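Right, one structure below, let's go through it.
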Amino acid sequence: MAMKKFINNPDNLTPELLEGYCAAFPQKVKLVSDKIVMRANPKDESKVAIVTLGGAGHEPALSGFVGEGMLDASVVGDIFAAPGAPKVVEALRLLKRDAGILFVVLNHEGDVMSGNMAMEMAKEEGINVRMILTHEDIAPGADAPIENRRGLAGCIPLYKVAGAAAEAGKSLDEVYAVAEKINDNMATLAVALKTATHPQSGDAIFDLADNEMEIGMGQHGEAGTGRSDMLTADETAVKMAAQVLPAANAGSGDKVMVMINGAGATTLMEQFIIFRATKNYIESQGATVAHALVGEYLTVQEMGGFQMFIAKLDDELLDLLNAPADAVSWTVR
Amino acid sequence: MAMKKFINNPDNLTPELLEGYCAAFPQKVKLVSDKIVMRANPKDESKVAIVTLGGAGHEPALSGFVGEGMLDASVVGDIFAAPGAPKVVEALRLLKRDAGILFVVLNHEGDVMSGNMAMEMAKEEGINVRMILTHEDIAPGADAPIENRRGLAGCIPLYKVAGAAAEAGKSLDEVYAVAEKINDNMATLAVALKTATHPQSGDAIFDLADNEMEIGMGQHGEAGTGRSDMLTADETAVKMAAQVLPAANAGSGDKVMVMINGAGATTLMEQFIIFRATKNYIESQGATVAHALVGEYLTVQEMGGFQMFIAKLDDELLDLLNAPADAVSWTVR
Amino acid sequence: MPATVDYDAFTGMLKTAADRIITNRDHLSKLDAATGDGDHGTAMAKVANAIIATIDSHEGNDLKKLLKAIGWAAMSTDAGSTSPLYGSLFVGMSEAVPEGSGELDCQVLASVMESGAAKLRKNTKAEVGDKTMIDTLVPALAALRAAADSGKAIDEALSDAETAAATGAASTKDLKATFGRAKNLGDRSIGHLDPGATSMSLLFTGLKEGLAAN
Amino acid sequence: MPATVDYDAFTGMLKTAADRIITNRDHLSKLDAATGDGDHGTAMAKVANAIIATIDSHEGNDLKKLLKAIGWAAMSTDAGSTSPLYGSLFVGMSEAVPEGSGELDCQVLASVMESGAAKLRKNTKAEVGDKTMIDTLVPALAALRAAADSGKAIDEALSDAETAAATGAASTKDLKATFGRAKNLGDRSIGHLDPGATSMSLLFTGLKEGLAAN
Ligand SMILES: Nc1ncnc2c1ncn2[C@@H]1O[C@H](COP(=O)(O)OP(=O)(O)O)[C@@H](O)[C@H]1O
Ligand SMILES: Nc1ncnc2c1ncn2[C@@H]1O[C@H](COP(=O)(O)OP(=O)(O)O)[C@@H](O)[C@H]1O
Ligand SMILES: [Mg+2]
Ligand SMILES: [Mg+2]
Ligand SMILES: [Mg+2]
Ligand SMILES: [Mg+2]
C-alpha cells in the first residue's frame, strides 16, 4: 500500500522541508549550513541567545519557534532523530557571545547524548553556554526519576519565556532562572487515538484497536501507560487534567497556562472542545487559566491525539508569555 | 466502529467548540448570541466592518480570522452548514454603522441563499452593507460559470486585505474595490488523499482507493474532477501550480502570494515540501513569490490533502497583506 | 371530510409531515452521503423539529403569523441549503394566506403552496430535471392546482399531489445533478435518488396522512 | 595470519563490518519497530555509510586520525541515539591508538576497543542486563581481552569476541528494557531482540570476517 503522503525521496524529507520552510518565510528565518534554522534578523550580540536541538517530523516544532522573542537557532536532525553534536557546536559557534547562550534540550536519549557531547566540545572552545533539560512528561508518574520523563511540547512555552527574558536584556543567569522556573512548574500528558506513518519507513509507528486510546503515548509512538476504551472529550480531558494540574504544582488560587497541542490528525474543533472541558475542570479546582494555546505546536506526523500541558504561572512568567514575539508559529503583537 | 474523535454529544459540537475557542482567547474574541464570534475589542464605528458567514468543522476557519485588521464578526452555522439568515442579520445589526459593512460570502449554495436572504432583510432595515462572493475554485475549469466555482480558502487572504483597508480608514467603496481586486486575481485548487469522518454522522465523507488521490475535491467531500494514481509531492505541486498560476492571471514578471492550506491530516512537513516545489515552479515561469502562508487555515476535519492558492499581487495588496493583524490564526506584528 | 382546513387541521397536517421526516432521518442522510455531504437527514430533522416547536409554542390561531414564524425558525436551523429553501417556502406560504383568514379551501390551499414554492424558487435557478427538490415540488403543485381547479375535495387533491410528488422524486434517480453539492459528481450522480426530492415527497405524504388522521 | 593488523587490514575489517550492517538494514528497522521507533536500520546504515565514506576519502594511513574522523562523521549522521553512541565509540578508539603507530597487535587492539567502549559508556548508565547494545559490547570485549591476555592470535581473538557478542545479543530477547525508547514498553519489551545489541553483534561478525578476507 502506498504511503498517503505528499513526499518525494524519503531520504530527502528533512532538507526539502527545511528549504520549503525557510523559503516561505524569508523575512523571519534562514537556513544555515543545511540543518541550522536561524533568525533572518539576528538579535543584538549583547543579548543572551537561545538555541535548541531536535529531530524533524514534528512540524512546526522546533524550527517554527525561531524568531524575535523566542529561539535564535534550532539545530535539526533527521526525522525523529537528533542532530549530531558537530552540527550543534557549529550553531553554538555562530552564536558565540559574551552574554552567553541558553541551550534547551528535550529529554530523549539521542538528544541528550548529542547535547552533552556538544556541551563538552563547546566548553573546550570557550563558548559560554548553559544547558537546560526539559522533562515534563508525567506518563511514568509525576515523581518518576527525571531520566524517565520525556521532554514533550513544554519546551515551547519555555522557549517563549526564556526568549522574552533574553530579548529584554536579562543576563544568562537570569534567563536560566526564568527557564528553570517554568521547567519546575510544568507538566504534560499525551493521549493517542490513531497511529501515524513513519514517513521514511512507511510503517505505522504503533497500533491501537478501533475502540482504544492510549494515555501517556510518547512523541514517536513509544508506548504509554494506560490503554483504555475510548472516552468522550470531557471524560478524557478531566481524567488527564486531574493528573496534570497537580503535577504542575498548581491548585486552588493559582494562575495557570494551558496548552492543548494537537498531534496531527485531531482537529482543532476537537482541541477546542477538549480545552473547554480542561478549563472547566481547572476552574472547578479553584485555579484560573491566565494564558492559553490551542493548536498544533509539536506534532507526530498524522497521529490522532493531543498533549495537555499545564504550567503554574506567576506575574513574571505571565508577562513573558505576553511579551511580543515574531516566530512563524508563535506571534504576539 | 467508534469514531476516533474527542467529542461529546455530536449535536453539541458547534456550541462547545465555539465556547472553547472564545474561552481560550478572551483578549481577542467573544461569543455573542450563541453563534456570532466578534472581536473582543471592537473597532471604531467610523471604520468599515467586515463580516462573514459559514459552517463550522473547518477550524480555524472562519472564526479564527476575527480580530484587529481582519474580520469584525463571523456568523457560524453548524458543522458544514451555513447559519440561517436571521442570525446573520443579527450580526449585521450589531455592526450597523454609517461607514458600512463588507459582507463576505463563500460560494456554496446554502451560504449564498442565507447571504442573499440576509442582504434582503438588512436592506429593509436600512443597514449599509455590500456583499462580495468568493468563487476562486478552479476545479470545474478556470472559465466555468461562477455558480460552479466554489469559495475555498481564498476568502482568508481576502479578509486580510479588506480588513487592513478597513482598519486604515478606507470607505466601503474602497474596501470593496480592494476585495474585488484580489477576488478577481486569485485561484485555488484542492487535492485529497484520505477521507475525513463527518463528526456528526460518523461516516466517511468520501472514498478513495489506497493508491488514489483526487484533484479538485471540495471542502465537504464533494467530488473533484481528476482521480489519479498518487503522484510525488513535486509532481503534484507542478501539476496543480500549472493550472492555478495562470488562473490567477499571473505569469512572468508578476508577484504572487501562495498559500498551501493543509486539509487536516496532511502534515506541515509535507506542506513545506509542496510549497518548495510550488515556489520552484512559479519561479521557473518568471514570477516571484512575494508573500506566503503554509499551514492549516481552512480544514476539512482530518482529511488528507491540501489547497493550493495563488493570487496575483500589486503593491497595494502586498502592503495590505503585510499590515498588522491580530486574529488568533493570523497575527502580523 | 369538510371543504376547508382550519388552523387545527392545518397544524395537524404539518406535524404529521414533520414526523414523517424525523422518522426518515437516517435514510435521508444515507441518500445524501452518496451524492452530497451526508447531512440531509440531520438538516430536515432540524426543520421538522422547528415546525413542531413553533406550532407548539404559537399562541392564538392566526395561520398567516404561524407560517411566517415557522419560516423564520426553519431559516434559523443552520442546516445548509435546507434552511433557506424551507424557510422561504414557509415565509412565501404565509404571504398568500388571506389576512385574518381562519380556514383555507382547496383553491386557497393551492395558492398558498404556490406562493411558498415561488419564494423558495427565488433562491435557485434549478428547474425540473435538475435533480433537486424542484423535481418533486413542481409536479406536486401542478397536481394540486389541477385537482383544485377541477373541484376535487382537499383530501383527494392532496392525494393527487402526493402521487405526483412520489413520481417526481423517483424520477431523480436517472437524472444528472446540476445543482447542490451533487453537481460536483457530474455523471456519477446518475443512479442515486436526490435526497431533497425524497424529503419533499415525504412532506406531501405527511400532509395527506395528517389530514386523514384529523 | 600476521600478529598485527595494519591500516589497510583494519580499514578492510571496518568496511566489511559496515557492509554487514547495510545488508541488514531492513531487519534492524523491523526489530526496532517492535520496541522502539523503527529506524535503527536506517540509523546504522547511515553510520556504516559514514565509515565507508570516511575511509574512502581519508588521505595517508594514520589510524588514529582516521578513527577520529570516523567518530565525527558518525556523530554527524543525525541518527538518534546511534550517532552519539557510535561517534564516541570511534573517538574513544582513536584516543587509545598509540601516536604514529602503523600496526596494532592483539593487546593494543583490545585496548583500542576498550577505550572506545569506555567513551561510548560515558553517554549512558546502561549496564549488562538492561537490554541495549551494552549486552553485546561488554561480553565481546571481555572475550577479546581474555584471548589477547592468553596470547591468542588476532583472528582467534576476534572469533571469540564474535561468539560472545552473538550470545550477548541473543540474551536481550528475554530481558526487560530499561534504556532507550523500548523502556517505555516495560514488560511488553520482553520477547523481542534489542536492535542495538543485534547490530553491535553484526559489527563483530564483520570485523572477524573482514580480517579473514584480507
Ligand atoms: N440550488 C438548489 N436548488 C434546489 N434544491 C437544492 C439546491 N441545492 C440543494 N438542493 C436540495 O437540497 C438537497 C440537499 O440538502 P442538504 O443536504 O440539507 O444541504 P447541503 O447540500 O447544504 O448539505 C439536495 O438533495 C437538493 O434536493
Ligand atoms: N541509553 C542507551 N544506552 C545504551 N544503548 C542504547 C541507549 N539508548 C538506545 N540504545 C541502543 O540503541 C538502540 C536504538 O537505536 P536507534 O533506533 O538508532 O535510536 P533511537 O532510539 O534514537 O531511534 C537500542 O536498541 C539500544 O541498543
Ligand atoms: Mg447535504
Ligand atoms: Mg450540508
Ligand atoms: Mg530507533
Ligand atoms: Mg529514532
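Note that these values count all heavy atoms, side chains included, but never hydrogens, waters or copies made by symmetry. Letters A, B, ... are given to chains in the order of the sequence lines, protein chains preceding strands, and every chain is numbered from 1. Note that the structure is predicted; figures quoted are calculated from it, not measured.
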If I compare all heavy atoms of C:Ser76 with all of B:Pro86, which pair ends up nearest, and what's the gap? OG-CG, 3.2 Å
Give, for atom CD1 of B:Ile79 and atom CG of C:Asp37, the distance between the pair rounded to the nearest 0.5 Å. 11.5 Å
Taking 4.5 Å as the heavy-atom cut-off, does anything in residues 113-126 of chain C contact chain B, and if so which residues? C:Lys119, C:Asn123, C:Lys125
Hey, what do you get for NE2 (C:His40) to OG (B:Ser201), rounding to the nearest 0.5 Å? 14.5 Å
Under the salt bridge (Lys or Arg N to Asp or Glu O under 4.0 Å) rule, what do B:Asp78 and C:Lys46 come out as? Steps first, then yes or no, please. CA-CA 11 Å; B:Asp78 201 349; C:Lys46 284 183 184 172; 2.7 Å; yes
Cut-off 4.5 Å, heavy atoms of chain C, and the answer for B:Asp11 is side chain
So which heavy atom on B:Ala81 is nearest to which on C:Asp78, and how close? CB-O, 3.2 Å
CG (B:Asp207) with more than 12 external heavy atoms under 6.0 Å: no
Run the side-chain contact (heavy atoms from CB on, under 4.5 Å) test on B:Met121 and C:Met75 for me, step by step, so that the C-alpha distance in whole Å, both residues' side-chain angles and the decisive distance to 0.1 Å come before the verdict. CA-CA 13 Å; B:Met121 296 172 178; C:Met75 264 184 231; 3.6 Å; yes
Which portion of B:Asn116 sits near chain C, non-hydrogen atoms under 4.5 angstrom: neither
Where does B:Val88 contact chain C at under 4.5 Å (heavy atoms): side chain, backbone, both or neither? neither
Top residue by heavy-atom pair count (under 4.5 Å) with chain C, among B:Pro140, B:Gly77, B:Gly55? B:Gly77
In terms of heavy-atom proximity below 4.5 Å to chain C, should B:Glu90 be classed as side chain, backbone, both, or neither? neither
If I compare all heavy atoms of B:Gly110 with all of C:Pro84, which pair ends up nearest, and what's the gap? O-CG, 4.1 Å
Here the gap from C:Leu85 atom CG to B:Glu109 atom CD, rounded to the nearest 0.5 Å, amounts to 8.5 Å
Using a 6.0 Å cut-off, check whether atom NZ of C:Lys64 has over 12 heavy atoms from anything other than its own residue. yes
Do any of residues 192-200 of chain B have a heavy atom less than 4.5 Å from a heavy atom of chain C, and if so, which, in residue order? B:His198
